[in-house]
Amino acid sequence: MRAGITRIAELRYLTDEGEPINGAGLSTLEHRPRDERVRSLLVLALRDIVSQLGSRDPRVIPVLLLARADGSRGFSKRDAALFARLWLDVGVSFHPDLSLVFCGGSARVIEIVRHAHALISTRQARACIVAASDSLLNATDLLALQSQYRLRTVSNSDGIAPGEAAACLLVEVSGAPAAARISGVGQGFETATLDSDDPLRADGLCQAVREALSGSRLTMNDLDFRLADAGGEGYDFKEQTLALIRLLRQRERDLPLWLHAQAIGTVGVAAGLVEVVQAVHAIARGYAPGGRALCTVGDHDGQRGVLVIEA
């Protein structure tokens, strides 16, 4: 992403009209079913974070996993069988009782971060792993995107390039050495969705940004850059522009917008954590425009989520 290299290329899928579909996938997972792809991506991300745990004991660290499940928004459960398979594949075991699976869209990452904060602040855990994994590279999701005219093709430039990703964050008690901190979180709801006739004013995103900025005691003018899950649809860019116009007080302020979808496509529920990883990495390596970032995610049904990241 830093180098501007794109993984987007022609997939093995075609539209009903026979047009090629472009997307970004991990080639080693090609031809695997969706559930297996999602689990394999998650295993890779968890192995990566295990290598960075140092002296921390993973058995006392719960994993809070965000997964996409149609019709199950707001649902969370202890899935012992799923976690047992994950622990076996990763090679280590995490907290058996506090680990949870949350089902919903990408904006639900805010609830998971808040849950992790609650576990840490009540001393039920000293650290948590917040994780998400998703893949849109399957016939069911591609057919749904095509039926909604949201798939980028030769005949439709106002669409997304489907992708896949997994990302993990290790969040710890305040004061521990860290690359960055989450200083504010916010949620909102947008009534003017793609399926609605309501005029778009970015009310939901503005609501989420205001809540996050209030928690971090910052204003929009204090931020250095933004990250969003906009994947190529004009709706998303219009929403980002409207929110910036309504919230930014210093008009000449340069507030660049970073889009991971340009490199790895639209990655479903993993989008929010991908943004945080990108922001934290850029801040830690010193190539970010500054030490304060705004990460925004939005779901097709109107849910909006925002995280403020600070060095």
Side-chain angles (χ1 to χ4, degrees), residues 64 66 73-74 102 104-121 128 130 132 167 169-174 178-192 200-230 236-250 253-260 269-283 288-299 301-311:
L64 307 178
L66 176 59
R73 175 169 293 282
F102 295 76
S106 57
R108 205 179 180 212
V109 68
I110 305 303
E111 296 175 41
I112 300 178
V113 169
R114 283 175 166 156
H115 184 74
H117 181 266
L119 290 177
I120 294 170
S121 62
C128 295
V130 178
L169 301 176
L170 177 70
V171 292
E172 296 184 278
V173 62
S174 179
R181 68 187 182 100
I182 300 172
S183 64
V185 296
Q187 289 176 290
F189 183 78
E190 180 59 61
T191 59
L200 178 61
R201 300 179 63 250
D203 289 335
L205 183 56
C206 286
Q207 177 186 354
V209 172
R210 287 190 180 106
E211 182 182 358
L213 291 175
S214 175
S216 61
R217 298 180 180 179
L218 298 173
T219 68
M220 200 74 168
N221 291 84
D222 296 320
L223 301 174
D224 297 298
F225 64 115
R226 299 169 292 148
L227 301 95
D229 57 347
D236 294 328
F237 294 104
K238 181 179 180 181
E239 182 181 40
Q240 288 290 330
T241 302
L242 287 171
L244 190 64
I245 291 172
R246 293 179 61 181
L247 297 172
L248 196 62
R249 295 292 176 259
Q250 188 178 340
R253 181 84 162 87
D254 184 25
L255 203 57
L257 179 64
W258 290 14
L259 305 172
H260 60 266
V269 301
L273 294 188
V274 167
E275 291 175 25
V276 176
V277 170
Q278 186 182 11
V280 170
H281 191 276
I283 291 171
R292 291 169 174 167
L294 186 77
C295 300
T296 65
V297 287
D299 294 334
D301 67 356
Q303 300 289 336
R304 300 291 184 264
V306 171
L307 293 164
V308 175
I309 308 298
E310 290 191 75

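This structure is a prediction, so every number in the text was calculated from the model and none was measured. Only heavy atoms go into these numbers, but all of them, side chains included; no hydrogens, no water, no symmetry mates.
Residues meeting the side-chain contact (heavy atoms from CB on, under 4.5 Å) test with Ala132, sequence neighbours left out: Leu66, Ala270, Leu273. Residues satisfying the side-chain contact (heavy atoms from CB on, under 4.5 Å) test with Ala116, not counting sequence neighbours, are Leu64, Cys128, Val130, Val171. Applying the side chain to side chain donor-acceptor pair (under 3.5 Å) criterion to Glu239, with sequence neighbours excluded, gives Arg304. In this structure His117 satisfies the side chain to side chain donor-acceptor pair (under 3.5 Å) test with no other residue, sequence neighbours excluded. With sequence neighbours left out, Ala179 forms a side-chain contact (heavy atoms from CB on, under 4.5 Å) with Val280, Ala284. For Thr191, the side-chain contact (heavy atoms from CB on, under 4.5 Å) partners are Phe189, Asp198, not counting sequence neighbours. Annotation: side chain to side chain donor-acceptor pair (under 3.5 Å) contacts of Thr241 (sequence neighbours excluded): none.
Atom CD1 of residue Ile120 and atom NE2 of residue His115 lie 10.5 Å apart, to the nearest 0.5 angstrom. The distance from atom CZ of Arg108 to atom CD of Gln187, rounded to the nearest 0.5 Å, is 9.5 Å. Once rounded to the nearest 0.5 Å, the distance linking CG of Leu244 with CZ of Arg226 reads 4.5 Å.
Pairs of residues two or more places apart, or lying in two chains, that qualify as salt bridge (Lys or Arg N to Asp or Glu O under 4.0 Å) and include a residue from residues 200-212 are Arg114-Glu211, Arg201-Asp203, Asp203-Arg246.
Within the 4.5 Å cutoff, the side chain of Ile110 has no heavy atoms near those of the Val306 side chain. Residues Thr219 and Leu213 form no side-chain contact, since every pair of their non-hydrogen atoms from C-beta on lies 4.5 Å or further apart.
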Which donor-acceptor pairs under 3.5 Å do the side chains of residues 289-298 make with protein atoms, sequence neighbours left out?
from	atom 1	to	atom 2	distance (Å)
Arg292	NE	Glu310	OE1	3.1
Thr296	OG1	Leu227	O	3.3
Thr296	OG1	Gln240	NE2	3.0

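Residues Val269 and Gly104 approach most closely at CG1-O, 3.3 Å, considering heavy atoms.
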